[in-house]
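Everything below concerns the one structure shown next.
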Amino acid sequence: MKKNIQIAIDGPAGAGKSTIAKIVAEALGFTYIDTGAMYRAVTYKAMQQNIHLDDEAKLAEMLAASTIELKPSSQGQLVFLDAQNVTEEIRSNEVTSSVSQVAAHARVRELLVAQQQNLAANGGVVMDGRDIATHVLKNAELKIFMSATVEERARRRFIDNQKRGIDSSLEKLQEEIALRDKKDSEREASPLIQAEDAVFLDTTALSIDDAAQAILKLAEEKML
Ligand code: C5P
């Protein structure tokens with residue numbers, strides 16, 4: 001039995017990737033790696049240091065001197081930037097609306113992709129993001145492209161934000177998500193696109209549990 005497979009989950013914002021990836025990872029005893037959190041941490045630090053988000057060289061220099069760690073905990077995955085817990089800060093509206101600008105830089109991506117590949121080197125991982133199946137883990141045994149209508153994705157983010165105590169308007173969220181999808185899909189460096197060998201999963205009408213079960217079934221077939 002092949003146990004330590006790599007599972008790659010890509011898709012646009014709010015498709016349910018992280019929630020579902022966490023459940024799948026837990027059920028299999030795998031490590032969950034949220035690559036979006038890494039792009040968010042870089043964006044947060046650049047904003048703190050007043051680095052212009054179009055300045056690719058400065059951003060790459062800053063990132064090369066930074067440590068980003070993802071640590072599992074009883075309250076979910078925690079994100080540490082230079083040993084400081086920034087789990088909450090990286091979810092702010094300011095970071096969310098700027099992260100695609102930072103993620104568009106090829107040099108930023110190169111550095112983060114190398115870290116992501118190291119984290120996944122021994123397998124037994126569920127990694128989610130935008131370019132996992134197409135760039136980061138091209139040989140992943142299971143590749144999923146998850147999506148849902150933009151209305152449904154905005155609704156989910158709205159509820160998510162409410163739980164986090166972040167104020168938002170549904171209409172604005174829909175606009176922000178559509179704009180982020182556009183930037184992520186149209187950028188030159190590793191755009192968001194479904195890999196040829198990825199399974200498409202539309203979560204619009206699926207419960208979280210049904211989506212997780214569908215992936216677990218596919219994973220079990222790959223692990224035989
Ligand atoms: O997954 P999340 O919504 O937290 O990702 C935040 C942003 O990080 C995305 O909108 C995208 O710009 C960037 N990202 C990326 N490649 C990844 C993961 C995230 O470009 N693998």
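As the structure lists them, so they are numbered: ligands from 1, and atoms in each ligand from 1. Values in this document were obtained by computation on a predicted structure and should not be read as measured data.
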> Would Arg180 and Ser97 count as a side chain to side chain donor-acceptor pair (under 3.5 Å) if you check the C-alpha gap in whole Å, the side-chain angles of each, and the deciding distance to 0.1 Å?
Replying inline: CA-CA 8 Å; Arg180 196 141 63 94; Ser97 57; over 6 Å; no

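Using a cutoff of 4.0 Å between basic side-chain nitrogens and carboxylate oxygens, Asp82 and Lys45 are scored as salt-bridged. Under the 4.0 Å criterion applied to side-chain N and carboxylate O atoms, Asp34 and Lys22 are not assigned as salt-bridge partners.
Side-chain N/O atoms of Gln194 and Asp10 include no donor and acceptor closer than 3.5 Å. Thr87 and Asn85 share a side-chain donor-acceptor pair at under 3.5 Å.
When heavy-atom distances to ligand 1 are checked against 4.0 Å, the residues falling inside are Thr35, Gly36, Tyr39, Arg40, Arg91, Val99, Ser100, Ala103, Arg109, Gly129, Arg130, Asp131, Ile132, Arg180, Asp184, Arg187, ordered by chain and number.
With hydrogens and angles ignored, the 3.5 Å screen pairs a side-chain donor or acceptor of Arg153 with a backbone N or O of Ala13.
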